[in-house]
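Computed from heavy atoms alone, side chains included, the values below leave out hydrogens, waters and symmetry copies. Per chain, numbering begins at 1; letters A, B, ... match sequence-line order.
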Protein chains: 4
Amino acid sequence: MTSPKPSPEATSDPTGTKPLRADARRNRERILAAAEAVFAEKGPSASTDEVAAHAGVAIGTVFKHFPTKQALLQAIMKDLLARLTQEVDTLATDDAPGEALFTFITRMVEQAAQKRTVVGLLAETGIDLQVADSVQLLREGIEALLTRSQQAGTVREDIHLDEVIALLTGLCQGALHAGWDRDLQRRTLAIVFEGLRPFEARGGAAGTYS
Amino acid sequence: MTSPKPSPEATSDPTGTKPLRADARRNRERILAAAEAVFAEKGPSASTDEVAAHAGVAIGTVFKHFPTKQALLQAIMKDLLARLTQEVDTLATDDAPGEALFTFITRMVEQAAQKRTVVGLLAETGIDLQVADSVQLLREGIEALLTRSQQAGTVREDIHLDEVIALLTGLCQGALHAGWDRDLQRRTLAIVFEGLRPFEARGGAAGTYS
Amino acid sequence: MTSPKPSPEATSDPTGTKPLRADARRNRERILAAAEAVFAEKGPSASTDEVAAHAGVAIGTVFKHFPTKQALLQAIMKDLLARLTQEVDTLATDDAPGEALFTFITRMVEQAAQKRTVVGLLAETGIDLQVADSVQLLREGIEALLTRSQQAGTVREDIHLDEVIALLTGLCQGALHAGWDRDLQRRTLAIVFEGLRPFEARGGAAGTYS
Amino acid sequence: MTSPKPSPEATSDPTGTKPLRADARRNRERILAAAEAVFAEKGPSASTDEVAAHAGVAIGTVFKHFPTKQALLQAIMKDLLARLTQEVDTLATDDAPGEALFTFITRMVEQAAQKRTVVGLLAETGIDLQVADSVQLLREGIEALLTRSQQAGTVREDIHLDEVIALLTGLCQGALHAGWDRDLQRRTLAIVFEGLRPFEARGGAAGTYS
DNA sequence: AATGAATGAGAATTCATTCAT
DNA sequence: AATGAATGAATTCTCATTCAT
């Protein structure tokens with residue numbers, strides 16, 4: 001429904017199996033939402049039973065939609081990655097090209113502190129197979145942000161996408177597990193942003209370190 | 001104290017519970033080593049059975065030495081933290097005060113890429129209970145490194161211990177889960193180090209970014 | 001869906017948790033019956049596995065219905081106490097008010113010789129928690145019998161409920177563990193009944209001692 | 001090997017295997033005492049380890065003296081039965097022949113309230129095999145008390161040993177598990193004693209019922 | 001004889017997954 | 001399609017018993 005373009009489904013599997021019945025689709029959504037909530041709170045070792053209860057469906061229904069727990073976890077990942085990609089794309093069209101990357105990183109770290117999911121899943125599940133293409137999309141979005149920042153002169157030219165993602169991942173993990181408070185998070189990010197800026201741009205707004 | 005092998009007991013706690021019999025101590029070491037290896041590979045949810053098998057002892061022996069799985073995990077943590085603290089202290093007496101902190105961070109991140117343990121444990125177990133003081137010791141060691149770096153002028157004065165540890169944690173987590181290769185790791189750290197340096201010291205040896 | 005039979009559920013708790021599905025109810029009954037049998041024979045330390053096997057279900061099913069072993073034991077207790085209370089109430093409306101108490105005691109002791117359960121459970125479990133009110137109901141039933149016997153003049157006026165229950169408990173325990181035969185049981189009870197009667201009623205039918 | 005007297009050891013096994021070394025005998029006693037204490041407090045399911053700790057010896061030593069846990073339990077039983085027999089015999093030579101049986105029963109019930117052992121063991125272990133002869137000795141002692149009471153006219157002539165023991169067992173079990181207080185115990189016993197007395201002796205001192 | 005470390009068969013409990021209703 | 005009961009392998013932990021020191 002929400003797919004803006006029918007798209008000859010070769011690109012990235014738009015859930016692509018079959019047009020589900022209305023109630024089935026509704027259940028699918030509820031299960032996904034419940035799973036995200038439950039796993040966010042209790043970590044990926046929470047039981048599928050609990051997810052079912054939280055979604056208000058029977059356990060069988062969960063397994064009907066997601067034949068294994070792995071599949072459910074991956075679905076959450078995809079979902080999340082898609083949302084992040086969307087957010088990246090939105091930021092890319094913003095009017096502050098020099099700050100978009102910094103903003104994105106900041107937002108992700110903020111969310112990580114609340115959601116075990118993204119990070120926790122990456123940890124447990126690895127980035128195996130199925131989600132690879134979703135990840136790729138996100139990478140491309142981030143790359144666009146990086147390029148624009150470099151063109152705007154707020155990020156050094158010699159920095160590659162890989163490092164940015166490495167930093168992003170690490171910072172999210174750290175924020176997640178160590179439970180950084182707002183202030184610590186801000187100061188930590190400021191250091192990293194400082195490291196990303198070229199000499200002449202040091203002390204820029206996003207990197208203000210007090 | 002660069003002695004390579006001053007005592008075979010550098011590994012675990014000299015918190016004198018009781019002088020174990022020779023064979024008991026040997027088994028204790030083997031179990032700890034096995035546990036570290038197994039948990040490093042499979043994460044902390046690996047079964048105690050597997051640890052026992054890897055150590056070549058019966059399951060009962062593992063539980064005799066470490067009465068709960070938690071206890072085993074904590075023992076590994078303590079062990080590891082003790083080793084890190086030792087390393088910090090060694091670095092602190094080195095002749096390159098300006099680089100000691102950078103060196104330490106680099107080494108930790110290198111190890112994290114191999115050992116799921118440190119980081120994985122911190123994630124699952126939290127820093128509860130018994131390990132709290134071990135953690136404190138490590139913090140103090142790192143603080144000393146930080147102070148010396150600041151006195152040597154290689155780290156900005158306005159940076160606090162908390163940010164350094166936050167960065168350290170995040171970087172370790174990232175290196176661990178994402179499996180950074182050598183080169184990526186070096187470049188990522190370089191960015192962070194660059195962010196830590198004062199203006200006038202930028203482009204220093206440890207932060208060389210190619 | 002209107003149940004054609006009055007109610008096949010006289011056995012367990014009508015404390016409306018939820019109307020179980022037909023097969024679930026059937027299994028619940030089978031498990032309860034199996035548990036009663038197994039614990040009766042081997043005492044409450046018999047394994048839950050054995051109960052499952054005896055009931056012809058998988059171990060998981062037992063734990064689905066009774067989430068801990070304690071819960072299973074308590075369910076048996078409640079069940080049994082309910083049955084006894086019912087029996088007490090029935091006897092109370094009998095036409096031989098003077099003998100009802102004696103009859104009840106005799107029956108309980110007879111059953112005890114077959115069922116380790118009642119008594120064994122009271123021993124191991126204590127009368128903790130949930131069963132307390134079931135016990136209370138039984139006490140009240142027995143008190144009614146006692147009062148009626150006293151009014152009928154077959155039990156001394158100065159005897160209290162506590163002693164009756166103490167005797168009942170002791171006799172059941174004795175019958176249970178020592179495996180009294182029919183005759184020994186009769187003679188032993190006769191002595192106790194004799195002790196309960198007032199002077200003028202000695203040698204009554206129930207107390208005939210040969 | 002060096003057994004000084006082969007001794008026709010048929011009567012009742014006076015611990016009869018071999019003359020133990022002095023320290024060994026001492027350990028044996030300590031273990032027995034510890035076992036009695038531990039099992040009295042925690043019931044017969046207490047671990048052998050705990051017994052060893054309480055006795056201040058190593059676990060191996062316990063198994064050296066008592067090759068199985070069963071054997072240890074039986075040894076306690078024998079010990080206890082021997083002590084009871086001794087007590088019976090002492091009472092039998094007392095100057096109050098009419099009350100000796102009542103006194104003995106009263107004492108046993110009192111002790112039962114404190115010691116899980118006697119009764120608990122009888123329950124778990126059954127009276128299998130090994131202790132049979134010890135039991136027989138006690139039976140004979142009690143029979144003597146019964147006979148003397150009957151000759152003194154305080155117990156009915158038509159009462160047999162079996163009923164007395166049945167009552168004794170039941171009362172002990174009851175006292176043990178139900179935790180009777182002093183007063184309840186007295187009133188309960190009074191009822192039973194009343195049932196044992198002949199018509200003409202009712203209301204005797206031991207049976208005073210208030 | 002004593003020690004106490006090691007053994008390994010259970011025991012209770014959980015949970016992903018299947019399948020009859 | 002949905003339900004939810006049943007399954008049974010896996011996991012943590014205990015404890016009687018054995019055996020090298």
Could you grab the distance from atom [atom1] of [X] to atom [atom2] of [Y], nearest 0.5 Å is fine?
| X | Y | atom1 | atom2 | result |
| --- | --- | --- | --- | --- |
| D:Thr48 | D:Phe63 | OG1 | CZ | 4.0 Å |
| B:Leu80 | B:Leu32 | CG | CG | 11.0 Å |
| A:Ile31 | A:Glu29 | CD1 | CD | 9.5 Å |
| D:Leu73 | D:Glu36 | CG | CD | 11.5 Å |
| A:Glu50 | A:Ile59 | CD | CD1 | 11.0 Å |

Can you name the residues that form a side chain to side chain contact (heavy atoms under 4.5 Å, CB included) with D:Asn27, not counting sequence neighbours? D:Arg30, D:Val57, D:Thr61, D:His65
Measure from the side chain of B:Ala24, starting at C-beta and using heavy atoms only, and say which of E:dT13, E:dT17, E:dA5 lies closest.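 Out of E:dT13, E:dT17, E:dA5, the nucleotide with an atom closest to B:Ala24's side chain is E:dA5.
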Closest nucleotide among F:dA5, F:dC13, F:dT17 to the B:Lys69 side chain: F:dC13
Tell me the interatomic distance from [X], atom [atom1], to [N], atom [atom2], rounded to whole angstroms.
| X | N | atom1 | atom2 | answer |
| --- | --- | --- | --- | --- |
| C:Glu50 | E:dA12 | CD | C1' | 15 Å |
| D:Ile31 | E:dA1 | CD1 | P | 13 Å |
| D:His65 | E:dT3 | NE2 | C1' | 12 Å |
| A:Arg25 | F:dA2 | CZ | C1' | 18 Å |
| C:Phe63 | E:dT13 | CZ | P | 5 Å |
| C:Leu73 | E:dA11 | CG | C1' | 14 Å |
| D:Arg30 | E:dT3 | CZ | C1' | 14 Å |
| C:Asp49 | F:dA9 | CG | C1' | 12 Å |

Can you list every stem that DNA chain E is part of, counting only runs of 3 or more consecutive Watson-Crick or G-U wobble pairs with both distances under 3.5 Å? E:2-21 with F:2-21
Scan residues 51-61 of chain D against DNA chain F and write down, sorted by residue number, each residue with any heavy atom closer than 4.0 Å; if none is found, say none. D:Ile59
Side chain C:Lys64 and base F:dA5 donor-acceptor under 3.5 Å: yes
Nearest heavy-atom approach of C:Ser134 to C:Leu81 is CB-CD1, 3.8 Å
Please state whether the phosphate of F:dA2, meaning OP1 or OP2, lies under 4.0 angstrom from any side-chain nitrogen or oxygen of A:Asn27.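 Checking F:dA2 against A:Asn27, a side-chain N or O does come within under 4.0 Å of OP1 or OP2.
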Just to confirm, is there a sub-4.0 Å distance from OP1 or OP2 of F:dT12 to any side-chain nitrogen or oxygen of B:Thr48?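 Yes, such a contact exists.
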Kindly say whether B:Ser47 contributes a backbone atom to a donor-acceptor pair with the side chain of B:Lys69 at under 3.5 angstrom?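 Checking the backbone N and O of B:Ser47 against the side chain of B:Lys69, no donor-acceptor pair under 3.5 Å is found.
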How about D:Phe66 and D:Arg28: do any of their side-chain heavy atoms sit closer than 4.5 Å? yes
